[in-house]
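Residue numbering restarts at 1 for every chain, and letters A, B, ... go by the order of the sequence lines.
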Protein chains: 2
Amino acid sequence: MKSRCYCITLRRASRRLTSTYDAALEPFGINLAQYSLLKTVVRLGPVSLTDLAHTLDLDRSTVGRNARVMVRMGLIAMGPGKDQREQALGPTARGRALLAEATPIWAKVQHDIDARLGPGKVEQLQELLAEL
Amino acid sequence: MKSRCYCITLRRASRRLTSTYDAALEPFGINLAQYSLLKTVVRLGPVSLTDLAHTLDLDRSTVGRNARVMVRMGLIAMGPGKDQREQALGPTARGRALLAEATPIWAKVQHDIDARLGPGKVEQLQELLAEL
DNA sequence: TCATAATGCGGGCATATACCCGTAAAGCAC
DNA sequence: GTGCTTTACGGGTATATGCCCGCATTATGA
């Protein structure tokens, strides 16, 4: 139980919290990682895989594969980029709509966490995590 | 960058910290998840997959697969359990030896984190993570 | 005792994630 | 302009992780 390994504690918390978000997003047919990807794609407009990966702090190949799944879902579209080699990712209409629908639920999860931890705690947590 | 999603922040921190531990353990040919599994198997002696999964707060099938990799590595052995259906996992001599070798390095990583965050911060972080 | 329920696993399926290698395209240096 | 380097990807390989289903075994209750 009480593994003193900081990393194990962190990983466990990450899994648990992820599943909370996943459960909340489940009615929309997406999970947290996909929600995050979709939101970023909407925010950055047409964006290359490399830039997206950099923004999300994920490996490019990871983003590429995850994006492909969402292309299959019809939430994201891949078009030609500035180059012959570059892919430009953008949201589809359905992607935008889904994001708009899901965001209030996501916000509720965030709010619930705020409420559970109490004022200032989330900021404290974010700061500590940033220092890691 | 500043994704305000608490979960994304947490996941990112988890990935980053994991890669720190992974890098430190790399000379031993194992990663953090494997180190954690090995340590728990050593601690619990002969233990079933189900109990191990419960202790690690992981899905049983995940533990089963991860353990299989370590059986291939010769660090863990699977034997008959109390039942016909139960598998008993235990460390091999090599597994024990590797754990003993790797633990000081793991401790150094922990210590470095302590030093980086400053006194009390780690406890604070652990508490916050536990409340999630 | 016998049928039903619970337990312990394995395997299939899917996502998430990273690293490495190869290919194609673009940039640069001379 | 030719050749080397950098950039952008795709695909292969591997681990991590969870869920569901099916099978075998054990426990339970009528």
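- Out of dA18(C), dA26(C), dG10(C), the shortest distance to the side chain of Gln84(A) is found at dA26(C).
- Following rounding to the nearest Å, Asp57(B) (CG) and dA16(D) (C1') show an atom-to-atom distance of 14 Å.
- An OP1 or OP2 oxygen of dT15(C) is reached within less than 4.0 angstrom by no side-chain nitrogen or oxygen of Asn31(A).
- The side chain of Arg65(A) sits closest to dT13(D) out of dA16(C), dT13(D), dC9(D).
- Put simply, Thr50(B) has a side-chain N or O that comes within less than 4.0 Å of OP1 or OP2 on dC9(C).
- Rounded to an integer number of Å, the gap from Tyr35(A) OH to dA16(C) P is 16 Å.
- Residue Arg85(A) places none of its side-chain N or O atoms closer than 4.0 Å to OP1 or OP2 of dT7(D).
- When distances run from any side-chain atom of Arg11(B) to the nucleotides dA16(D), dG10(D), dT17(C), the shortest one goes to dT17(C).
- Side-chain N or O atoms of Asp83(B) include none that pairs as donor or acceptor with a backbone N or O of Glu86(B) at under 3.5 Å.
- With rounding to whole Å, Leu56(B) atom CG is found 18 Å from dT15(D) atom P.
- Inter-residue side-chain proximity for Ile76(B) and Thr92(B) is flagged as unmet; no heavy-atom pair is nearer than 4.5 Å.
- Here Arg72(B) lies in heavy-atom contact (under 4.0 Å) with sugar-phosphate atoms only.
- Put simply, CG on Asp51(A) is 11 Å from C1' on dT7(D), counting in whole angstrom units.
- Inter-residue side-chain proximity for Arg12(A) and Leu58(B) is flagged as unmet; no heavy-atom pair is nearer than 4.5 Å.
- At whole-Å resolution of the value, CD in Glu26(A) and P in dC19(D) are 12 Å apart.
- Taking every side-chain heavy atom of Arg60(A) into account, dC9(D) is the closest of dT17(C), dC9(D), dG10(C).
- For Ser61(A) and dC20(C), a side-chain-to-base donor-acceptor distance below 3.5 Å is absent, hydrogens and geometry of angles not being considered.
- OP1 or OP2 of dA14(D) has not a single side-chain nitrogen or oxygen of Arg68(B) nearer than 4.0 Å.
- The CG atom of Leu25(B) sits 16 Å away from the P atom of dT15(D) (whole-angstrom rounding).
- Between Asp57(A) and Arg16(B) a salt bridge is recorded (basic side-chain N to carboxylate O distance below 4.0 Å).
- One finds no side-chain N or O of Ser48(A) lying less than 4.0 angstrom from the OP1 or OP2 phosphate oxygen of dA8(D).
- Note: CD1 (Ile30(B)) to P (dA16(D)) measures 11 Å, nearest angstrom.
- Take the nearest nucleotide of DNA chain D for Leu32(B) and for Asp59(A): the residue whose nucleotide is more 5' is Asp59(A).
- With salt bridges taken as basic N to acidic carboxylate O contacts below 4.0 Å, none links Arg116(B) and Asp112(B).
- In this structure, Thr62(B) reaches the dG18(D) phosphate: one of its side-chain N or O atoms is under 4.0 Å from OP1 or OP2.
- In this structure, Gln87(A) places its CD atom 15 Å from P of dA24(C), rounding to the nearest Å.
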So Tyr21(A) and Asn31(A), side chain to side chain donor-acceptor pair (under 3.5 Å) or not? Walk me through it. CA-CA 7 Å; Tyr21(A) 280 75; Asn31(A) 60 29; over 6 Å; no
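- Side-chain nitrogen and oxygen atoms of Asn66(A) include at least one within less than 4.0 Å of the OP1 or OP2 phosphate oxygen of dT17(C).
- Of the two residues contacting DNA chain C, namely Gln34(A) and Lys82(A), the nearest-nucleotide position lying further toward the 5' end is that of Gln34(A).
- In the set dT26(D), dC9(D), dT17(D), the nucleotide with an atom closest to the side chain of Asp83(B) is dT26(D).
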